[in-house]
Each structure stands twice: as C-alpha cells, then as structure tokens.
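Structure first, commentary second.
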Amino acid sequence: MSAEAPLRPPAALLDILNGARRPLLIAHLSPDGDAIGSLLALGGILYRLGKDPILSCQDPVPPNLQFLPHTDRITAAPADEVDVVVALDSSDPSRLGDVYQRGRYSRLPLAVIDHHVTNTLFGTVHWVEPAACATAEMVYYLGETLLAPEVGPDWMANELATYILTGIVTDTRGFRTNSTNARVMALVARLVAAGAPLTTITDQVLETRTFDLIRLWGRVLQTVRLDEGVISVVNTQAMRKDLGGLVRPESLVSFLLGAQEAYIAAVFTELPDGPVECSFRARPGHDVSRLALELGGGGHPLAAGCTVKGEVEEVRHTLVERLRQC
Ligand code: 5GP
Ligand code: MN
C-alpha cells in the first residue's frame, strides 16, 4: 500500500453545490449500498449547510439497506422548484431512470459525481474519480471541504459516517477489492471512530439475504458452466415465478469468480420485460468494463454490467466468446 493523496473535489462542483438552494440528488436504479449511502450522505451534508435537498431514486431501497436512518426520505416522485440536479454513482444518464427522464430537469445544471471509469461525462460539471473505491468515499471529501469549515471537526456526527462506510463496504466487498488502499483504510478508521457501526454494516451489506434469494441461487447454479476460464449462469423468469417478484441473484457473480479455474464470471438475467441483464466480474489483469461499455453499459475493469436484447441462452453463448478475450 502506498500513501495515496486525499481526493479533491473540483472548484466548479463546489461552486454549483454552494449556490444550490433546492438540489435534487439522484442515485442509480437498482440501488446498492454505494448509491443509497452516497445519496443519504450528500443529502445530510447539504441539509446541514442550510439547503433543502431532495433525495430520489427510481427503485425502492432494498431490504438489507433499510437499517440506515432516514431511508424514508428517498422518493421516486417528481420534485418542483429544483435548481440543481446531482447524479450519484451513475455512469450514464439511463442509470438515473424515470426520475430524471420524466422530470423535465434537462435545462437545469447537472453535476455528476461518480467513480466509474466508463462515465460518459453527461452533465454540465463532472467529478469522476476512478481511483475512488466508492462514490461515498468522494462524498466524504465533499463533506470535509464544504461542511467541516462550517461546523468543525465533528461534522460527521450522527449518521453521516454510517452512510459513507456503507458505500465503502459495499463497493469494496468488505475491503477486498484492489481499490482498497491506505487512504481508504485510514478513512475507514475515522468513520468507525465517528460512530459508524462496522459490524452491523458488514452483516447487512455482505451477509444478509432472504430465503427466496438462497432458493434462487440453488436454481440458477444448476445452469453453471465453465468455458475455458469463463464461468457463467443464466437466471430465467421461469426460475423465479414463485419467488415474489425477486429478479436479481445479487452477489452470486462474485461467488462464481471464486472458482479456481475461472478468470471471468458472468450472470445473465432475463428481465421481466424481456431483455437480458449481464453482470460481469474479472480477476486482476483482465478488463470487463470495455466490453460492457461497448454493449451500452459500463462499470469498472473488474466489475461491470450491461443490458442487451436477445434470448438468454443465446446471449450467454455470444458473450462468453467475447468475455474469453477480455
Ligand atoms: P453489478 O454486476 O453489481 O450489477 O454491477 C457491477 C458494476 O457495473 C457496477 O459498478 C455498476 O454500476 C456497473 N453496471 C452494471 N450494469 C450496468 C449498466 O447497465 N449500465 C452501466 N452504465 N453500468 C452498469
Ligand atoms: Mn459505486
């Protein structure tokens, strides 16, 4: 580990946030702990700066993140009198979903805060930091820059440290990714010292799943294949018909990459409206983000995804060939 420099938000972003009165913050659809953690943390920071932030996300907060305080403030409803829009953890505008598309916000300034290397720079002001382990880590530095000078060193009091640590634990899968460096671990120590409940967060984010999800894993795993280093499964609508609306097998793709013989893992999920959602993971030295970007999605070199049209087994057949070259 080397001593990485702290992250520095650009002045144009600080200006736009300082000038906002009623900012609309949007986290990506199918939100994970980094999306929700970043949304709640930046909302809390801006609220403490005297602003009136609106927290939005097209999809509901997943059950394992509902332990976080104030998740009831997150809404999918359109907002009025917004003066600035902030996109969080989203590498392209489609990730913002209906909340942005339907809301007639396109004439407002759009600030993009994200850590995906594939970000398409779709806003008016961007802070895209692929070196950040999570968008929530970037939000910490926003708090340090904007809020600490106003309220002092205890600016992380209350729930802000919990939100930020939830984002970091999620995207580093419990400090195990190669984005976990000395800067991140020093920050984690500060977050824990400020009261963030590390054990609760790791339990909720990494170890808590429903019985239905375990049943889905059982069915999906029956389709597992290994094709010269690419391990894959398919998840069809038929497998889920008695599972109460459950769609995604969540962290199954990371579990698959544990296969000693594999260097890439892929899950192909047939979505309720037809297309196939593809989730990719790679071992260091490979890069699945370029293929995901080419197919209209995005992500990080070692974790990326996209949604494509086609019959699910055909999509698997075609993409496994491409993944072998990643
Ligand atoms: P997951 O496999 O956990 O759903 O996603 C892995 C990574 O790829 C995440 O960083 C996520 O943001 C990104 N990703 C997954 N699906 C898509 C997609 O359809 N579009 C974009 N832009 N990124 C995606
Ligand atoms: Mn993230």
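All of these numbers come straight from a predicted model, not from anything done at the bench. Scope of the values below: all heavy atoms of this structure, side chains included, with no hydrogens, waters or symmetry mates. Numbers here are sequence positions counted from 1.
- In this structure, His300 and His116 have parallel ring planes: the angle between them is below the 30° cut-off, well short of the 60° mark.
- The heavy-atom pair separating Leu256 from Ala265 by the smallest distance is CB-CB, 3.9 Å.
- Judged by distance alone, the side chains of Ser94 and Asp92 do bring a donor and an acceptor atom under 3.5 Å apart.
- Summarising the local packing, OH of Tyr141 is surrounded by more than 12 heavy atoms from other residues, nucleotides or ligands at distances under 6.0 Å.
- Checked by atom type and distance alone, the side chain of Gln58 never pairs as donor or acceptor with a backbone atom of Val99 at under 3.5 Å.
- When all heavy atoms of Gly298 and Thr118 are compared, the pair lying nearest together is CA-OG1, 3.4 Å.
- For the pairing with Leu24, the side chain to side chain contact (heavy atoms under 4.5 Å, CB included) check across Leu55, Asp80, Val82, Leu110 returns one residue only, Val82.
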Quick one: do Ser30 and Asp59 satisfy side-chain contact (heavy atoms from CB on, under 4.5 Å)? Show the steps, please. CA-CA 6 Å; Ser30 307; Asp59 295 323; 3.8 Å; yes

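- Put simply, the side chain of Asn64 never gets that close to the backbone of Arg209: no donor and acceptor are under 3.5 Å apart.
- Within 6.0 Å of CZ in Arg290 there are 12 or fewer heavy atoms belonging to other residues, nucleotides or ligands.
- In this structure, Leu46 and Pro23 approach most closely via the heavy-atom pair CD1-CG, 3.9 Å.
- Counting heavy atoms from C-beta on, the side chains of Glu313 and His317 never come closer than 4.5 Å.
- Within 6.0 Å of atom CZ in Phe175, more than 12 heavy atoms from other residues, nucleotides or ligands are found, so the atom counts as buried in its surroundings.
- For the pair Asp171 and Asp32, the minimum side-chain heavy-atom distance is below 4.5 Å.
- Between Lys51 and Leu17, the shortest heavy-atom distance links the atoms CE-O, 3.1 Å.
- Contact check for Val234 versus Glu270: no side-chain heavy atoms found under the 4.5 Å cut-off.
- Of all heavy-atom pairs spanning Arg48 and Glu159, the tightest one is NH2-OE2, 3.1 Å.
- Arg176 CZ: more than 12 foreign heavy atoms inside a 6.0 Å radius.
- Nearest heavy atoms, Arg219 versus Asp242: NH1-OD1, 2.8 Å.
- For residues 125-145, every residue pair satisfying the salt bridge (charged side-chain N to carboxylate O under 4.0 Å, His left out) rule, not counting sequence neighbours, is listed here: Glu137-Arg183.
- Side-chain contact between Leu216 and Asp212: absent, with no pair of heavy atoms (C-beta onward) separated by less than 4.5 Å.
- Proximity of Phe67 to Asp203: side-chain heavy atoms (C-beta onward) are nowhere separated by under 4.5 Å.
- Between the side chain of Thr166 and the backbone N or O of Gly37, no donor-acceptor pair lies under 3.5 Å.
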Distance-only check: which donor-acceptor pairs under 3.5 Å involve side-chain atoms of residues 83-90, not counting sequence neighbours?
| residue | atom | partner | partner atom | Å |
| --- | --- | --- | --- | --- |
| Asp83 | OD1 | Arg21 | N | 3.4 |
| Asp83 | OD1 | Arg22 | N | 3.0 |
| Asp83 | OD2 | Arg21 | N | 2.7 |
| Asp83 | OD2 | Arg22 | N | 3.4 |
| Asp89 | OD1 | His115 | NE2 | 3.2 |
| Asp89 | OD1 | Thr135 | OG1 | 2.8 |
| Asp89 | OD2 | His28 | NE2 | 3.0 |
| Ser90 | OG | Leu88 | O | 2.9 |

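- Residues Glu207 and Thr202 form no side-chain contact, since every pair of their non-hydrogen atoms from C-beta on lies 4.5 Å or further apart.
- The existence of a salt bridge linking Glu277 and Arg248 is confirmed by a sub-4.0 Å separation between a basic side-chain nitrogen and an acidic carboxylate oxygen.
- With Ser56 contributing its side chain and Ala76 its backbone, the two residues share no donor-acceptor pair below 3.5 Å.
- Arg281 meets the salt bridge (charged side-chain N to carboxylate O under 4.0 Å, His left out) test with no other residue; sequence neighbours excluded.
- Distance check, rounded to the nearest 0.5 Å: CG of Leu25 to CD1 of Ile54 gives 8.5 Å.
- Within the 3.5 Å criterion, the main-chain N or O of Leu257 finds a donor-acceptor partner in the side chain of Arg283.
- By the 4.5 Å heavy-atom criterion applied to side chains, Leu14 and Leu142 are counted as neighbours.
- No side-chain heavy atom of Pro109 sits under 4.5 Å from any side-chain heavy atom of Val125.
- For Arg95 and Asp114, the salt-bridge test fails: no basic side-chain N is under 4.0 Å from an acidic carboxylate O.
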